[in-house]
Amino acid sequence: MPKYNPSKIETKWQKIWEKNSSVWQAKDFSKKKKFYTLFEFPYPSGEGLHMGHLRGQTATDIFARKKRLQGYNVLNPIGWDAFGLPTENYAIKNKIHPADATRKNIASMKAQEKMLGYFLDWPREINTTDPKYYKWTQWIFLQLFKHGLAYKKDIPINWCLSCKIGLANEEIIDGRCERCGGETTKKNVSQWLLRITKYADKLIEGLKDLDFPERVKTSQTSWIGRSNGADIDFSVKDTKHKIRVFTTRPDTLFGATFMVIAPEHDIILNLKKKISNFKSVEGYIKKAKTKSDLERTELTKIKTGIKLEGVRAINPVNNEEIPIFVADYVLSSYGTGAIMAVPAHDQRDFEFAKQFNLPVSTVIQPSELIACAFYKIKPKYLFNRKQLEPESELTEAARLSGKYKGDVYTGTGVLINSGDYNGKRSSDAAKEIVTDLEKKSAGKFAINYKLRDWIFSRQHYWGEPIPIVYCGKCSVVPVPENELPVLLPEVKNYEPTDTGESPLAKITDWVNTKCPKCNGPAKRETDTMPNWAGSSWYFLRYIDPGNDKELADKEKLKYWMPVDLYEGGMEHTTLHLLYSRFWNEFLYDIGVIPTSEPYKKRVPHGIILAHDSRKMSKSFGNIVSPDEMVKEYGADTTRTYAMFIGPFDQSIAWDKNGLKGVWRFLNKVWDNMSKPNGNDNLLEEEKQSLIIGVSKDIESFSMNTAIAKLMEFNNLLTQKNSISFEIKTIFLTLLYPFAPHISEELWQSLRNKKFLFESTWPKAEKDVKQKYNYVIQINGRKKFVIKDDFDLNEKDMIEKVLKIDKISKELKDGYKKAVFVKGKIVNFVI
RNA sequence: GGGCGAGUGGUGGAAUGGUAUACACGUUGGACUUAAAAUCCAAUGGUCGCAAGACCAUGUGGGUUCGAAUCCCACCUCGCCCACCA
């Protein structure tokens, strides 16, 4: 037997697999049970595959290979999420067409995928920039438009000064552009938005039955940020105007001593004549608008604002007159852009009140229940204490229970100074107050979300054109479905314009078109879609990638959906994962697809950091490429080490030295499998637990411990001079998902007729005699270990143990009691 | 400020109520070699001891239990995400 030479055997097997790939490719409507594994399709970047791909895609490949051997009809596809800014920027810099750059990058990444030995359904490969693909992205947009979920609105958008592009809130990190890190500001632009907020409740509700990690669910839920409360109208004295506020605490309404509205609020202009200090108010607003979000959040401690002189609001619950302020701590984008300020029970309002010397009126007293919870006593007992010193006891308990923020009690309790509602509990009072206001048409129950509508316009070239036409007569007209796709035209210059318009706006013969309705002159929409669009439905297209009649055949969708396992990065939790769930739920609602939730199970992977524990990044110069590793050690070692390095869902620093350990392991496997066949069954117990352990670990993505178990078993084999054929085949099958090339090669050297990829996953035998490993303890400390396959009951076991010299010596004064756990321990308490 | 998670040898980590430190890296000693690399063998949490062995160790301090890295409470440290969300 020659030495293990990965570079030789790996290309050999990759060719054989390719030739025989039909054996593995997913078959529509197969009678086998289907299993749809999905890995987030990569962005074809010039830098090639990075470590995140290596980790995620290797794990997915391992899982899929195991499922195939277990007899499933596995769909494990791949495609390219190819629209987006980096390619556009690269094209601008290097003066080539983004489509050419994309083609080039895909070719080299495809070679990398093959080099790593991933078995993927290449005939189903998709590319979001392919007109045959984005035809359907545009089609979905039209459906959203027809159902009123896509609309245009003039809104202040986040604007990146260096990319010259509008950004979604989600694309801004610490007030800076997510892509280039440049400064951002606000700019008023007419933008397309998708009404994702209409699906907010469904998106929360849908999570319930999904097999997602809890942290993914909670972060989606808190991102959507549903809060129940009420809208309450405050009228402005001596005018017809009303200011509506949203509050989650209607029970504190009597404590509202002033109002605050956002600088962007419309009412300010409406009240222009009444406001005696309008000039200075205008000055404040101007200043607030030029502040970037970064500045606005940096100054969280100091509240600024200005009083609207000459106008007062009326509290609908007690007709009290209160002053109105404009301040930028109130956001125009949440709720109604106005608040009732209750300084006694809200920390921000309290800070503002202190700054402007405004009255603070306490209306909530900490409930005795807080004191009970804190002192861990029953309410009955508290009443006795309450008679002694009720105020201080309650306040102290509330303070200690953490419901005090600074000097402000923000918890619930019992109402005081609240007219007819005095003595009622917060929750009851809130309901009654709103119900009473409803009768006067001054308020109603309301729900608000932190989630905003999805800004869907981009003023860039490299994206899907939005299929809309503007006609002087018919206004906004959707492009008829039979005219899709609206092709992205050729353009000389990809650079965005300074005016904020898309480069498409300059191509007049493309922009000028006929109105589909009246045939009159019309202009095309020149905005393109964000790069999240193509990825919001790609999992559906894999199911039927060639279909030009519909986005995918209904019967095929029915067979394959939902995705059984979706592997991807934690960073996509609140963006891609939420957007694609939204589109999927929408398509389900209009009857296009059969399942409301796209992903049954989500498994996120941790980031691989550089050896210095920083993120791998060009600017740090600490990027490691899979290419170098494959060159030095081969794909099998690279794959296996990427899994062995640590727990799959945790971030971990790359350590090149560790590769050696896996390399040594595979070399030892090579040597062991080359030993003569023996016929001993000495490893029966270990064999059983290996099969069970590796199968279970792959299923739960504990790839590192699965490999450790294989190593441990292999170390046992190293001590043998001969190994039975059965053990060899089982071991190779279990190793195969991790290191497929070496496993196939060794499998073939065993003169197996079929290929390993046509083989089946081993099952553990049920009726193997279990050996018991008893730990004998005294007071919970280990004293002795007995290993045997005896199967004794408690009494006999204790008797047996007491005969052991060492134990009987220690127990010569007797023992209080003995704890017996079958198969595990005997513990004597003395 | 809020939410989530984590803290175990020199290092990555294993063990989720029952033998703490599996597996691997590294280190030290030895074999092979002119030498090095590679490979193989042995040792490797700490303290005491010639040894058998004993005691101490899972961020800190308490608690629950026959028994705690694991469960509960408080504190400390680190990481990630969100953040003036009314």
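Reminder, nothing fancy here: chain letters follow the sequence lines and each chain counts from 1.
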When you match A:W663 and A:V775 each to their closest nucleotide on RNA chain B, which lands nearer the 5' end? A:V775

RNA chain B: A:S219 or A:K450, which has the more 5' nearest nucleotide? A:S219

Classify the glycosidic conformation of B:G9 as syn or anti, calling it syn when the angle lies within 90° of 0.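 Syn conformation here, the glycosidic angle of B:G9 being no more than 90° from 0.
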
We want to know whether [X] and [Y] form a side-chain donor-acceptor pair, criterion being a heavy-atom distance below 3.5 angstrom.
X      : Y      : answer
A:E40  : A:H572 : yes
A:Y449 : A:D201 : yes
A:T304 : A:Y284 : yes

Looking for any heavy atom pair under 4.0 Å, which part of the strands does [X] touch: base, sugar-phosphate only, or nothing?
X      : answer
A:I645 : sugar-phosphate
A:N657 : sugar-phosphate
A:T248 : sugar-phosphate
A:F644 : base
A:S222 : nothing
A:I652 : sugar-phosphate
A:Q777 : base
A:K822 : nothing

Less than 6.0 angstrom separating the ring centers of A:F356 and A:F258, yes or no?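 Ring-ring flag for A:F356/A:F258: false, centres at least 6.0 Å apart.
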
Check: A:Y633 ring centroid to A:Y641 ring centroid under 6.0 Å: no

Pick the [atom1] atom in [N] and in [M], then give their distance to the nearest Å.
N     : M     : atom1 : answer
B:U8  : B:A15 : C1'   : 10 Å
B:A68 : B:A20 : P     : 11 Å
B:A31 : B:A37 : P     : 15 Å
B:U27 : B:A36 : P     : 15 Å
B:C32 : B:C41 : P     : 16 Å
B:C78 : B:U28 : P     : 33 Å
B:C55 : B:U33 : C1'   : 45 Å
B:C84 : B:C75 : C1'   : 30 Å

For side-chain hydrogen bond (donor to acceptor under 3.5 Å, both in side chains), just list the numbers for A:T197 and A:D453, CA-CA rounded to whole Å, side-chain angles, deciding distance to a tenth of an Å, and then say yes or no. CA-CA 6 Å; A:T197 46; A:D453 276 342; 2.6 Å; yes

Which one, [options], comes nearest to the side chain of [X]?
X      : options             : answer
A:W223 : B:U19, B:C82, B:G18 : B:C82
A:K824 : B:A14, B:G18, B:A24 : B:G18
A:R781 : B:C66, B:C56, B:C82 : B:C56
A:K668 : B:G67, B:A14, B:C40 : B:C40
A:N827 : B:A14, B:G18, B:A24 : B:G18
A:D655 : B:C25, B:C56, B:U19 : B:C25
A:Y334 : B:A86, B:G18, B:G13 : B:A86

Which residue in the set A:T252, A:V363, A:L253, A:I364 passes side chain to side chain contact (heavy atoms under 4.5 Å, CB included) when paired with A:L415? A:I364

Value in whole Å for how far the [atom2] atom of [N] lies from [atom1] of [X]:
X      : N     : atom1 : atom2 : value
A:F258 : B:A86 : CZ    : C1'   : 12 Å
A:I707 : B:G12 : CD1   : C1'   : 13 Å
A:I776 : B:G67 : CD1   : P     : 17 Å
A:Y641 : B:A24 : OH    : P     : 13 Å
A:K817 : B:G67 : NZ    : C1'   : 10 Å
A:M711 : B:C23 : CE    : P     : 10 Å
A:K217 : B:G5  : NZ    : C1'   : 18 Å
A:K782 : B:G17 : NZ    : P     : 20 Å

Contiguous Watson-Crick or G-U pair runs (3 or more, under 3.5 Å) in RNA chain B: B:1-7 with B:76-82, B:10-12 with B:23-25, B:26-31 with B:39-44, B:45-48 with B:53-56, B:59-63 with B:71-75

After noting the C-alpha distance and the side-chain angles of A:E632 and A:K656, does the key distance pass the salt bridge (charged side-chain N to carboxylate O under 4.0 Å, His left out) rule? CA-CA 11 Å; A:E632 203 172 344; A:K656 192 174 178 266; 3.5 Å; yes

Within less than 4.0 Å of OP1 or OP2 of [N], is there a side-chain N or O belonging to [X]?
X      : N     : result
A:N715 : B:A22 : no
A:S227 : B:A86 : yes
A:N704 : B:C23 : no
A:K660 : B:G26 : yes
A:R664 : B:G26 : yes

Aromatic rings [X] and [Y]: how do their planes relate, parallel, tilted or perpendicular, breaks at 30° and 60°?
X      : Y      : result
A:F648 : A:F701 : tilted
A:F352 : A:F325 : perpendicular
A:Y774 : A:F820 : parallel

